[in-house]
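Worksheet for the structure shown next.
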Amino acid sequence: ANGTFLRTRGFILQAKQREDAKEPSFMRVGFTCSKKVGNAVARNRAKRRLREVARLLLVDHGRPGWDYVLIGKAKKTADISFADLCNDFRACLSNFHQKADT
């Protein structure tokens, strides 16, 4: 499976199933916010919010053997409601895994 992107209101999610099945039992996750997101304070706030979304939801909605990257968006990641970020992330994961299962 190749990596694909899904854009949401608050972030972009990239997900890819790892092909090297050496360590299939865990998920990896990364976070990034470019300078477009804002100054260091804004980028750190955006990354903190993305980390918290992943911490809360990956356990139940992620899949072992997958890598995820959450990419912050300018004026969106830091401002959108936390509940919306969570809902969007849940929907993205479900979307990726449904495609992978077909």
Side-chain angles (χ1 to χ4, degrees):
N2 2 350
T4 43
F5 287 94
L6 278 178
R7 295 172 191 284
T8 72
R9 294 166 291 180
F11 59 90
I12 299 165
L13 178 66
Q14 183 178 22
K16 184 177 192 307
Q17 193 165 14
R18 284 197 302 283
E19 318 224 339
D20 65 336
K22 286 178 219 146
E23 307 205 48
S25 62
F26 68 93
M27 294 172 261
R28 295 187 301 195
V29 63
F31 308 91
T32 184
C33 290
S34 75
K35 289 195 172 178
K36 285 185 207 159
V37 172
N39 62 14
V41 173
R43 291 195 306 273
N44 286 334
R45 174 172 160 72
K47 277 195 283 197
R48 268 197 315 274
R49 296 185 93 211
L50 293 176
R51 271 197 297 271
E52 185 63 7
V53 167
R55 186 185 73 79
L56 290 172
L57 298 174
L58 270 180
V59 174
D60 294 328
H61 300 279
R63 289 216 180 147
W66 282 68
D67 295 336
Y68 304 97
V69 179
L70 287 86
I71 304 164
K73 288 169 79 173
K75 297 183 184 65
K76 297 280 194 280
T77 307
D79 301 334
I80 194 168
S81 85
F82 190 72
D84 285 346
L85 282 178
C86 288
N87 290 336
D88 288 351
F89 188 57
R90 209 178 285 114
C92 281
L93 291 175
S94 157
N95 188 323
F96 276 127
H97 296 144
Q98 278 171 357
K99 282 183 190 159
D101 292 341
T102 54

What's the spacing between [X] [atom1] and [Y] [atom2] if we round to 0.5 Å?
X	Y	atom1	atom2	result
L56	H61	CG	NE2	10.0 Å
L50	L13	CG	CG	9.5 Å
F89	L58	CZ	CG	4.0 Å
K73	K75	NZ	NZ	12.5 Å

So, for [X] and [Y], which heavy atoms are closest and what is the spacing to 0.1 Å?
X	Y	value
R18	W66	NH1-O, 3.2 Å
Y68	G62	OH-CA, 3.5 Å
T77	I80	O-CG2, 4.0 Å
C86	L57	O-CD1, 3.3 Å
A54	V29	CB-CG2, 4.3 Å
C33	G72	SG-CA, 3.8 Å

Under a 4.5 Å side-chain heavy-atom rule over Ile, Leu, Val, Met, Phe, Trp and Tyr, are V37 and L85 clustered together? no
Do you reckon L6 sits in the same ILVMFWY cluster as V53, going by side-chain contacts under 4.5 Å, direct or chained? yes
CZ (R7) with more than 12 external heavy atoms under 6.0 Å: no
Cation-pi check for F31 against R49: NZ or CZ below 6.0 Å from the six-membered ring centre and within 45 degrees of the axis, yes or no? no
Partners passing salt bridge (charged side-chain N to carboxylate O under 4.0 Å, His left out) against D60 (at least two apart in sequence or in another chain): none
Does a salt bridge link [X] with [Y], judged by any charged N lying under 4.0 Å from a carboxylate O?
X	Y	answer
R55	E52	yes
K76	D88	no
D67	K16	no

Quick check against the 3.5 Å criterion: does N95 have a side-chain atom that pairs as donor or acceptor with the backbone of A91? no
